[in-house]
Amino acid sequence: MSLPAKPKTSKGVATRNRILAHARKTLIGEGYDSLVLRKLADGIGISLANLQYYFGTRDALLEGLIDVEIERDIATLERSHARHANPKTALEAFLRE
């Protein structure tokens, strides 16, 4: 499996985030079969080779999407836990978000 590249510059981070945002939108709006690297690259105006620098395969891109969602969930859970002393209340608040 091709591991995603870690961007070294702010421009690289922005490109990686654009790829992930467009891929997420495509996956949610059009489904898994529409998650095609060439189509994604065209959709955000970059070359296929540039997209493949960040995510060499569709599986690597999906892994990147999953990682982002997990990070968002953890951040939301941590915020909820910080606002509520009671674990049950914190979990309920997290689930509502």
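The two residues Gly43 and His22 come nearest to each other via the heavy atoms CA-NE2, 3.8 Å. For the pair His84 and Ala93, the tightest heavy-atom approach, listed with the atom from each and the gap, is NE2-CB, 3.5 Å.
From Gln52, atom CD reaches atom CD1 of Ile19 across 10.5 Å, with rounding to the nearest 0.5 Å. Here Leu40 contributes atom CG and Ile46 contributes atom CD1; the two are 8.5 Å apart, rounded to the nearest 0.5 Å.
Partners of Leu62 according to the side-chain contact (heavy atoms from CB on, under 4.5 Å) rule, which considers only residues two or more places apart in sequence or in another chain, are Leu27, Tyr32, Leu35, Arg58, Asp59, Leu65. With sequence neighbours excluded, the residues forming a side-chain contact (heavy atoms from CB on, under 4.5 Å) with Asn86 are Lys88, Thr89, listed by chain and number.
No continuous path of ILVMFWY side-chain contacts below 4.5 Å connects Val36 to Leu51, so the two sit in separate hydrophobic clusters. Cluster membership check: Val68 does not share its hydrophobic cluster with Ile28, using side-chain heavy-atom separations under 4.5 Å among Ile, Leu, Val, Met, Phe, Trp and Tyr. Hydrophobic clustering of Ile, Leu, Val, Met, Phe, Trp and Tyr side chains at less than 4.5 Å, counting indirect connections, unites Leu48 with Tyr54. When the side chains of ILVMFWY residues are joined at heavy-atom separations under 4.5 Å, either directly or via intervening members, Ile44 and Leu61 end up in a single hydrophobic cluster.
The one candidate from Arg18, Arg16, Arg24 that meets the side-chain contact (heavy atoms from CB on, under 4.5 Å) condition with Leu20 is Arg16.
Within a 6.0 Å radius of CZ in Arg79, more than 12 heavy atoms belonging to other residues, nucleotides or ligands are found.
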